[in-house]
Every structure is written in C-alpha cells, then in structure tokens.
*Asks:* 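Let me give you the structure first, and then I'll get to my questions.
Since the model is a prediction, treat every value here as computed from it, not as a measurement.
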Amino acid sequence: MLELRLVQGSLLKKVLEAIKDLVTDANFDCSATGFSLQAMDSSHVALVALLLRSEGFEHYRCDRNISMGMNLNNMSKMLKCAGNDDIITIKGDDGSDTITFMFESPTQDKIADFEMKLMDIDSEHLGIPEAEYHAIVRMPSAEFSRICKDLSSIGDTVVISVTKEGVKFSTRGDIGAANIVLRQNTTVDKPEEATIIEMNEPVSLTFALRYMNSFTKATPLSSMVTISLSSELPVVVEYKIAEMGYVRFYLAPKIEE
Amino acid sequence: GSKQSMITTFFNKI
C-alpha cells in the first residue's frame with residue numbers, strides 16, 4: 001500500500017516537465033526516505049537523480065520499498081490534467097499494475113482520479129561516488145538557462161572554465177564564437193540573485209549544449225542552480241526543490257581525442 | 001576533435 005499526498009502538487013508537475021524530454025521510461029522508487037528516481041538518457045551520456053523526501057509530503061505511507069516503472073510522457077499527460085493549485089495524491093496497491101493520481105482542488109469541490117498503467121523496466125542503477133569538486137558555482141537558474149540558450153545559437157558545445165577571475169562559458173561555431181564571463185556577485189538585494197563561486201582549483205570542461213539546454217527545463221523548480229565541476233568527472237547541475245529534495249543532472253564531459 | 005564520454009565510464013553499476 002502506497003499513499004503519498006503532496007499539497008503543492010505543482011512541484012510534481014514541474015518535476016515531470018524537467019525530466020520527461022531527457023528520459024522516456026524510468027523506475028520511481030518509493031521507500032521510507034522518500035520518492036526517488038535515477039535514470040539515464042537513452043545514449044547514457046546524462047543521468048538524472050530525483051529525490052522528494054518523505055517529510056515534504058503532508059501524508060506519506062509506503063509499507064514496503066517498491067519500484068514502479070512509468071512512461072514519463074504518459075505520466076506528464078496525466079499530471080497536466082491537475083490544476084496548478086491542486087493537491088496531488090499518488091496511490092498504489094501491492095501487486096497492482098497501475099498507479100492512481102488523485103487531484104483535489106484547493107476548495108475540495110473537484111476531485112479527479114487518473115489511473116495509469118505501470119510497466120516493467122529493466123534499468124541499471126549506478127553508484128554515484130562522493131566527489132570533492134574543484135569548483136562549485138551557484139547562480140540564478142534563469143541566468144544559466146539564458147546562457148545555455150544563447151550559446152546554443154552559436155555552437156554545439158560549451159566550455160565551462162572556472163578561474164579566480166570567475167566562471168566563463170564559451171562556445172564556437174560556423175558563424176563565430178562567444179564568451180560569457182560571470183564574476184562572483186554577492187552584493188545583491190535578494191540572495192537568489194547572487195552568483196557565488198567556490199574554487200579549490202581552476203577547472204575547464206567541455207559539454208554538449210543540447211543536454212545542458214534540456215537540464216534547464218528544471219528552471220521553474222528553483223531560483224538558483226548549483227554547478228559542480230571536477231576535471232574528468234561528470235558535471236552536476238542541481239536544482240533544489242524547496243524543503244523537499246532536489247533534481248540533479250549529471251553530464252559526462254567531452255574528452256579530447 | 002573531442003569525443004563524448006559516457007556516464008557509465010565514471011559511475012559503476014550497483
């Protein structure tokens with residue numbers, strides 16, 4: 001028996017919009033810790049890890065650890081039928097091959113049930129090692145989204161370099177080249193407008209912009225994004241989900257041949 | 001030129 005009641009149902013809607021273009025089918029894991037997912041894109045270049053902690057739900061009942069295979073496009077279709085202010089409850093019975101999403105309007109005058117078929121997914125779970133990152137950049141998520149979008153009109157890859165001068169995003173393409181440098185800026189009115197750069201060692205890595213642009217679909221989840229970089233390791237692009245958890249995207253770097 | 005690496009090169013299956 002599974003029953004997860006999320007008062008801020010819009011969070012789940014936003015999570016699906018953030019990941020459904022990257023991953024087609026995925027197993028959602030439910031345990032005492034929370035509702036989570038780990039999945040790779042079809043080419044195994046990027047990985048998404050989601051955690052919605054049990055404490056963030058108004059009601060959280062999960063009698064035993066369960067893994068439920070879902071088609072994210074179908075799940076997104078169903079969640080789009082929930083209003084932005086709706087309370088969403090996820091319900092499942094042991095041994096059932098379906099899951100039910102219940103949407104309640106804030107005034108309780110409309111209650112809808114959507115039943116979705118589950119699927120068997122043979123997915124690989126990867127162990128993500130704890131890493132010491134050479135540099136961690138915290139910046140407004142909208143700014144990061146803008147940079148990725150702007151650069152992708154010039155080139156296909158972005159070089160992200162962190163030095164003591166700041167963080168530089170560079171690209172090069174047939175029509176020319178572009179460099180965008182952000183300096184640390186903590187003298188802002190609101191903390192969510194700050195750019196904070198922690199650097200232990202200078203680092204420079206190259207990534208495919210197509211994936212970065214896909215990650216920025218998580219922008220509505222959080223005003224800030226954290227980008228953690230280490231030489232020859234996948235970058236981590238993290239969007240925190242208010243008081244509940246996170247969506248983390250890992251992207252393998254492009255390596256010089 | 002540069003080559004796209006895979007995530008499975010860095011993280012092991014568990």
*Asks:* Tell me, do P129(A) and F10(B) make a side-chain contact under 4.5 Å, heavy atoms counted?
*Replies:* no
*Asks:* Do I7(B) and L126(A) touch side chain to side chain, with heavy atoms closer than 4.5 Å?
*Replies:*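 I7(B) vs L126(A): side chains touch.
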*Asks:* Enumerate, by atom name, each donor-acceptor pair separated by under 3.5 Å where one atom lies in chain B and the other in chain A.
*Replies:*
residue	atom	partner	partner atom	Å
G1(B)	O	E257(A)	N	3.2
K3(B)	N	I255(A)	O	2.7
K3(B)	O	I255(A)	N	2.7
Q4(B)	NE2	A252(A)	O	2.9
S5(B)	N	P253(A)	O	3.2
S5(B)	OG	P253(A)	O	2.5
I7(B)	N	H44(A)	O	2.9
N12(B)	O	G127(A)	N	2.8
K13(B)	NZ	E124(A)	OE2	3.3
I14(B)	N	H125(A)	O	2.8

